[in-house]
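Let me begin by presenting the structure, written as structure tokens, before commenting on it.
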Amino acid sequence: MAESKTKKKAEPKAKKKAELKTKKTEASVEDFLAEVAPEKKRQDAIALCELMKKVTKLEPKMWGSSIVGFGTYHYTYDSGHEGDMCLVGFSPRKANLTLYIMPGFEDYKELLGKLGKHKTGKGCLYINTLDDVDVPTLSKIIKNTVTDMKKRYPSGA
């Protein structure tokens with residue numbers, strides 16, 4: 001009598017939650033900024049950090065290895081993916097200073113028109129140097145970002 005050979009169905013693998021790459025760390029913001037090169041970018045990064053600190057009234061924290069962020073909010077996507085991120089932040093990248101404007105730019109068109117030389121991505125504002133932009137306008141964008149994010153995510157800080 002022949003044995004019946006039936007394939008055993010593989011058990012579905014449990015979905016692992018993706019590990020967040022950008023998390024708040026205890027790394028020193030000052031040490032990070034001190035290593036930014038060239039000198040002009042370091043000066044701009046330090047000035048931008050001070051500007052954000054003044055506007056947000058929050059202390060800077062490192063997020064991942066290269067983002068200086070201010071405040072925190074918790075998000076949950078429709079997919080179930082969730083995590084924490086800074087309300088506003090920046091990174092002195094090789095090509096430019098990248099500011100993370102979490103709500104995007106739909107409500108900031110008028111301010112962007114007054115800002116000066118810049119480019120935007122979905123939630124990123126790219127500027128080459130602080131000399132290229134109107135700093136009071138940049139301050140308004142930062143302030144509005146924090147206000148908007150706190151409205152959207154009231155449990156944030």
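Numbers here are sequence positions counted from 1.
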Among all residues two or more places apart in sequence or in another chain, which pass the side chain to side chain donor-acceptor pair (under 3.5 Å) test with [X]?
{"X": "Ser66", "result": "Arg93"}
{"X": "Asn96", "result": "Thr98"}
{"X": "Asp134", "result": "Thr137"}
{"X": "Lys151", "result": "none"}

Roughly how far, to the nearest 0.5 Å, is the [atom2] atom of [Y] from the [atom1] atom of [X]?
{"X": "Phe70", "Y": "Leu87", "atom1": "CZ", "atom2": "CG", "result": "11.0 Å"}
{"X": "Ser65", "Y": "Phe32", "atom1": "OG", "atom2": "CZ", "result": "7.5 Å"}
{"X": "Lys140", "Y": "Thr147", "atom1": "NZ", "atom2": "OG1", "result": "13.5 Å"}
{"X": "Glu82", "Y": "Tyr75", "atom1": "CD", "atom2": "OH", "result": "9.0 Å"}
{"X": "Ile101", "Y": "Asn144", "atom1": "CD1", "atom2": "CG", "result": "9.5 Å"}
{"X": "Tyr100", "Y": "Thr145", "atom1": "OH", "atom2": "OG1", "result": "14.0 Å"}

Is any side-chain heavy atom of [X] closer than 4.5 Å to a side-chain heavy atom of [Y]?
{"X": "Met85", "Y": "Thr72", "result": "no"}
{"X": "Val68", "Y": "Val29", "result": "yes"}
{"X": "Asp84", "Y": "Lys24", "result": "no"}
{"X": "Trp63", "Y": "Ser91", "result": "no"}
{"X": "Cys86", "Y": "Met102", "result": "yes"}

Give me the atom names and distance for the closest heavy-atom approach of [X] to [Y].
{"X": "Leu138", "Y": "Leu48", "answer": "CD2-CD1, 4.1 Å"}
{"X": "Val36", "Y": "Pro92", "answer": "CG2-CG, 3.6 Å"}
{"X": "Leu99", "Y": "Met52", "answer": "CD2-CE, 3.9 Å"}
{"X": "Gly121", "Y": "Tyr126", "answer": "N-CE1, 3.7 Å"}

Taking only residues two or more places apart in sequence, or in another chain, which ones meet [X] in a side-chain contact (heavy atoms from CB on, under 4.5 Å)?
{"X": "Asp107", "result": "none"}
{"X": "Ala34", "result": "none"}
{"X": "Gln43", "result": "Glu39, Lys40"}
{"X": "Asp148", "result": "Pro103, Tyr108"}

For this session: Name all pairs fulfilling the salt bridge (Lys or Arg N to Asp or Glu O under 4.0 Å) condition that reach into residues 51-63, sequence neighbours left out, sorted by first residue then second.
Result: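 Non-adjacent pairs meeting salt bridge (Lys or Arg N to Asp or Glu O under 4.0 Å): Lys53-Glu59.
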For this session: Sequence neighbours left out, what pairs pass salt bridge (Lys or Arg N to Asp or Glu O under 4.0 Å) with at least one residue falling in residues 65-74?
Result: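 Listed once each, the pairs would be none.
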For this session: Show your working on side chain to side chain contact (heavy atoms under 4.5 Å, CB included) between Met149 and Val88 and close with a plain yes or no.
Result: CA-CA 9 Å; Met149 292 302 291; Val88 66; over 6 Å; no
Problem set entry | Any residue meeting salt bridge (charged side-chain N to carboxylate O under 4.0 Å, His left out) with Glu35, in chain and number order, not counting sequence neighbours |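 Checked Glu35 against salt bridge (charged side-chain N to carboxylate O under 4.0 Å, His left out); zero matches.
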Problem set entry | With sequence neighbours excluded, residues passing salt bridge (charged side-chain N to carboxylate O under 4.0 Å, His left out) with Lys109 |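 Per chain and number, Lys109 pairs via salt bridge (charged side-chain N to carboxylate O under 4.0 Å, His left out) with Glu106.
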Problem set entry | From CA spacing to verdict: side chain to side chain contact (heavy atoms under 4.5 Å, CB included), Ile141, Leu111 | CA-CA 7 Å; Ile141 291 170; Leu111 287 171; 3.9 Å; yes
Problem set entry | Expected output: side-chain His74 to main-chain Gly83 donor-acceptor under 3.5 Å |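 Yes; at least one donor-acceptor contact below 3.5 Å.
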